[in-house]
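Sharing a structure, written as structure tokens. Questions coming.
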Amino acid sequence: MYPFKKIEEKWQRYWEKKGTFVARCDPKRKKYYLLEMFPYPSGKIHMGHVRNYTIGDVASRYRRTKGFNVLHPMGFDAFGQPAENAAIKNKTKPDAWTHKCIDWMRLELKKMGFSYDWKREVSTCDSIYYKWNQWIFLKMFEQGLAYKKASSVNWCPACETTLANEEVIDGGCWRCHTKTEEKQLEQWYLKISEYKERLLADLATLKEWPERVLAMQANWIGRSEGVRVYFRFKENNKIIPVFTTRADTIFGATYIVLAPEHPLVREMIRGKPEETEALKFIDKVTRESKNVRCASEVKKEGVFTGCYAINPVNNAEVPVWIADYVLMEYGTGAIMAVPTHDQRDFLFAREHNLPMRVVIQSTVSSSPQSTEKITEAYEGDGIQVNSGQFNGLPNQEAKIKIAEWMQKQGIGKIETQWRLRDWLISRQRYWGTPIPIIYCAKCGVVPVPYDDLPVELPKDAPFTGEGGSPLAKVKKFVEVKCPKCHFPARRETDTMATFFDSSWYFLRFCSPGFNQGPFNKEEAAYWMPVDQYIGGIEHAILHLLYSRFFTKFFKDIGMIEFNEPFSRLLTQGMVLKDGQVMSKSVGNIVDPDSIIKKYGADTLRLFILFAAPPETELEWDERGIEGSFKFLNRVWRIQEDLKRQAAPDLIRTMHRTIKKVTEDIENFKFNTAIAALMEFVNAIYKWGADKEIFSKLVVMLSPIAPHFAEELWGRLGNKEGIFETEWPQYDPAMLIEDAITVVVQVNGKLRSRITVPVDISEEKLRELVLADQKLNSWLEGKPVRKFIYVPQRLINLVV
RNA sequence: GGGCAAGUGGUGGAAUGGCUUACACGAUGGAUUUAAAAUCCAUUGGCCGCAAGGCCAUGAGGGUUCGACUCCCUCCUUGCCCACCA
């Protein structure tokens, strides 16, 4: 058993002392910026962190031996609610609690031997960092991108805070799962919607991002093209616009539906016999929070308003309804309903006995023309019917023609709708960046002058866990003089959502001590964009979208020259145990520290890379860990018996292994790279290695098991550290074999193999194959119709 | 409801148009040992067969191809993400 504990401590000290991983901006050298998503400092690292950071560390150490100037930083996403909760529970301060957690986590990360440049460490909760959050906010405020709006927000009664739409999951708080409510508040927003076109279009430039993430982002931005159609109320000719993406179905629009909150509703129903019932319904729906209302599988409910509207394409009189399934926030808050070609409308129409009209006829099956026989909406393509001058056209063609025609007639307007909403960043919380705004009775909303930044968090806020933000209770903080008129004024007590902090930290790492701005332009120009970003799929939408938004903003104000922050993205899979995600609530957590104690960090690193490809889920297996440990010991023992000269076959194997391992590491296929190294070790056991071969093996292992490799490297008599040396090269000439085995198939089935010289001609090979005794029974009396030869590989005889 | 993955031995996985099951775990046998651990060596998809050998097998069914785990179509299952989005 090799002395992993001693070795790991020794080399960790050596790297730190020598500054092996300290990065320096050097425009003469080729850079490589490798970044893993920084952690929230909860106190302990878990297997997910270990996996994420091991993948990154291998890539980073590998690039270093390939001669790149590597930037590989680490920091802490240190603001957020858990610190406040801990403060309430344990009677500590969020500040003290967070710093204790950071210290502990840093120690654990160091024990894993990750090659970070610790000189660049940042914590978002330090005022030298969040000062620049405030600076960025003020820049956005100047550009009109940060604005205040009274609006109904998602409110979590347990956390006593507002939540972004993105933070409401299945109708509950993303953190504590409590059902959210709606509440009216004045909130700060960032106008991310102004960047929607660019955020969508530039996805096409992210060639090295996973398809899945690109699809999720595109979905989230949610561009849809359609027509705003102007229906009119029959009684007063007032316009009621609806949005549709299916202009081809408009002749089948037999009723329209308004959201209960629609501003025209109350006025419409006034004095109608239906008024009482409609008001009751509106009241019921608006009292329900959005989550309850949007829960799937709930039956669509609605009431008739007593009004009628005119469908502008055929002047048909259609009833106007109110229903809970129409949302005020999307489109115009009103829809046209086509029960024959939209399943949701169909169910609603059948329930309430509303009229239907078929306007698209399937060309494949004969879908019924008569509405009586319809059992479900036909949502596929077909030919227009009952659609005036558009009859007979394929519906996809009609969709465009009808839209254009409506626009020309002035009864509609071609329009694009987006799903992306502006980003709500206000939080009624203490442990976050104070929003640098002052409210003055005379001057109104006044930004804090740049010279007065940072607006520091007061250290002595009270933590009772009740009644909203602790910041609002700190007089010293709240009561200020207006920077303009110097009369008493009041400070904003909301803090920023923590996603703000993480939307630009990758830029801060380029020049973490810089005090003239959020980052040094020259250094950012050198290091950025991040060449490889690695993190969990859970950040596929929000964090990545916000970071892209910030990057585009920095470009617009002339601070950077590039459009996208992350050139290449890898989303690593989760770590499972017994088929379930490791989590406290399930109680199946394996503590990385216990594994380090038992087997060492190198074994843990090796196992986590070998057990599965980085993108897929990884099933934790204690026995697999032992296998990895055994492998390292097996390598360790090679040094005891080195030969003078290695066998030619082994030298050949070495060159093949170098090729395979190099290519696999480049492509993040660590599991097969390790498999190739294992095969190489098996070959060494068979043939016996010399010093040169063993040295190459050790270098190839160094990104994966760095302490282990450094130690063996030193024992081989090297004075420089292993990360000063170069990655081994293979000789292409050594990959060529003299003899190759060609597989012989008859009608696609394996029947024989023959070994022939590499440079054999096809004719010669054909002769040899036809003379092969083994094939006799398969070829007997049958003429060979075709002779397929895949050079160096296989022959297939078709008889 | 929509989108995206995935489905291969007892297990994790390998092969992305050309020898299915690399590598590892587990299991079995052997060597070493007073013994065990550790280590080293060998065997290990299923069925038939004394053997040589043959047949079958990559979720199911069909198709394209000389040849399909791989490409196409239909279906089933699982996972993830999104979702009354008009």
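Chain naming here is simple, since letters A, B, ... match the order of the sequence lines and numbering starts at 1 in each. Please read these numbers as outputs of a predicted model, since none were measured by experiment.
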Q: Please assess A:Phe304 against A:His352 for the test side chain to side chain contact (heavy atoms under 4.5 Å, CB included), listing each intermediate value before the final yes or no.
A: CA-CA 9 Å; A:Phe304 181 46; A:His352 299 285; over 6 Å; no
Q) Should the pair A:Lys630-A:Glu626 be classified as a salt bridge under the 4.0 Å nitrogen-to-oxygen rule? A)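 A salt bridge is absent here (no side-chain N lies under 4.0 Å from a carboxylate O).
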**Q.** For atom CD of A:Gln217 and atom P of B:A83, their distance in whole Å
**A.**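 After rounding, the gap between these two atoms is 14 Å.
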Strictly under 3.5 Å: I want the nitrogen or oxygen pairs between protein and nucleotides 71-80 of chain B, one per line.
residue: B:C80; atom: O2'; partner: A:Arg212; partner atom: NH1; Å: 3.4

Q.
Using the side-chain hydrogen bond (donor to acceptor under 3.5 Å, both in side chains) criterion, which residues pair with A:Tyr533? Sequence neighbours excluded.
A.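 Partners of A:Tyr533 by the side-chain hydrogen bond (donor to acceptor under 3.5 Å, both in side chains) criterion, ordered by chain and then number, come out as A:Tyr505, A:His543.
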(Q) If you only use heavy atoms from C-beta on, which nucleotide in B:C56, B:A86, B:C40 is closest to the side chain of A:Lys749? (A)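 Selected nucleotide: B:C56.
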**Q.** Euclidean distance, atom CZ of residue A:Phe670 to atom P of B:G13 [Å, nearest integer]
**A.**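 Checked: the CZ to P distance equals 17 Å.
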Q) Counting just side-chain N and O atoms, does A:Arg223 come under 4.0 Å of either OP1 or OP2 of B:C85? A)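 For B:C85, OP1/OP2 do not have a side-chain N/O of A:Arg223 under 4.0 Å.
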Q: Find the distance between CG (A:Leu797) and CZ (A:Arg751) and round it off to the nearest 0.5 Å.
A: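 The CZ atom of A:Arg751 is 11.5 Å from CG of A:Leu797, to the nearest 0.5 Å.
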(Q) Does a side-chain N or O of A:Lys669 approach OP1 or OP2 of B:A15 to a distance below 4.0 Å, or not? (A)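 So the side chain of A:Lys669 is within the cut-off, an N or O lying under 4.0 Å from OP1 or OP2 of B:A15.
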Q: May I ask you to verify if any side-chain N or O of A:Lys786 is less than 4.0 angstrom from the OP1 or OP2 atom of B:U65?
A: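 For B:U65, neither OP1 nor OP2 has a side-chain N or O of A:Lys786 closer than 4.0 Å.
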Q: Take A:Thr244 and A:Asn747, find for each the nucleotide of RNA chain B with the closest heavy atom, and name the residue whose nucleotide sits nearer the 5' end.
A: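 Checking each residue's closest nucleotide, the 5'-ward one belongs to A:Asn747.
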Q: Treat primed atoms plus P, OP1 and OP2 as sugar-phosphate and everything else as base, then score nucleotides 18-28 of chain B 5' to 3': B for base contact with protein heavy atoms under 4.0 Å, S for sugar-phosphate contact only, - for none.
A: BB--BBSSS--
(Q) Under 4.0 Å, heavy atoms only, any strand: does A:Arg637 hit a base, just the sugar-phosphate, or nothing? (A)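 Here A:Arg637 touches the backbone only, sparing every base.
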**Q.** Earlier contact from the 5' end, RNA chain B, for A:Ala334 and A:Lys660
**A.**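 With A:Lys660 and A:Ala334 compared, the 5'-side residue is A:Lys660.
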Q: Take A:Met406 and A:Ile250 through the side chain to side chain contact (heavy atoms under 4.5 Å, CB included) test and state the conclusion after the steps.
A: CA-CA 11 Å; A:Met406 281 195 286; A:Ile250 188 158; 3.7 Å; yes
Q: Decide whether a cation-pi geometry holds between A:Arg344 and A:Tyr325; the criteria are a distance under 6.0 Å from NZ or CZ to the six-membered ring centre and an angle within 45° of the ring axis.
A: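 No; the conditions do not both hold, so A:Arg344 does not lie above the ring face of A:Tyr325.
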Q: Can you figure out which of B:C41, B:C85, B:A86 approaches the side chain of A:Ser224 most closely?
A: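 Of all the options, the side chain of A:Ser224 is nearest to B:A86.
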Q: Could you pull out all residues at least two apart from A:Lys660 that satisfy side-chain hydrogen bond (donor to acceptor under 3.5 Å, both in side chains)?
A: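 Result, side-chain hydrogen bond (donor to acceptor under 3.5 Å, both in side chains) vs A:Lys660: A:Asp664.
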(Q) When the P atoms of B:G9 and B:G59 are compared, how many Å lie between them, rounded to an integer? (A)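 Result for the P pair: 8 Å, nearest Å.
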Q) Can you tell me how far P in B:G62 sits from the matching atom in B:A57, rounded to whole Å? A)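 Nearest-Å result for B:G62 against B:A57 at atom P: 11 Å.
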(Q) On a heavy-atom basis, which atom in A:Leu544 and which in A:Gln217 lie closest, and how many Å separate them? (A)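 For A:Leu544 versus A:Gln217, the nearest heavy atoms are CB-NE2, 3.4 Å.
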Q: Looking only at non-hydrogen atoms, find the nearest pair between A:Asp422 and A:Ser193 and report the distance.
A: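 Smallest interatomic distance, heavy atoms only, reads OD1-OG, 2.7 Å.
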Q) With sugar-phosphate meaning primed atoms plus P, OP1 and OP2, does A:Pro613 contact a base, only sugar-phosphate, or nothing at under 4.0 Å between heavy atoms? A)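 Sugar-phosphate, backbone atoms only, no base.
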Q. Which nucleotide in the set B:A86, B:G54, B:C82 lies at the smallest distance from any side-chain heavy atom of A:Leu327?
A.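 From the listed options, B:A86 comes nearest.
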Q: Would you mind classifying the nucleic acid contact of A:Lys686 as base, sugar-phosphate or nothing, using non-hydrogen atoms under 4.0 angstrom?
A: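 Result for A:Lys686 = nothing.
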Q: Enter syn or anti for the glycosidic conformation of B:G9, syn applying to angles within 90° of 0.
A: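 Syn conformation for B:G9.
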Q: Dot-bracket notation for RNA chain B is requested: 5' to 3', Watson-Crick or G-U wobble pairs only, both distances under 3.5 Å, with ( ), [ ], | and . as defined.
A: (((((((..(((.....[....)))((((((.......))))))((((....))))..(((((..]....))))))))))))....
Q: Name all residues meeting the salt bridge (charged side-chain N to carboxylate O under 4.0 Å, His left out) criterion together with A:Arg637; count only those two or more places apart in sequence or in a different chain, and write none if there are none.
A: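 Here no residue qualifies.
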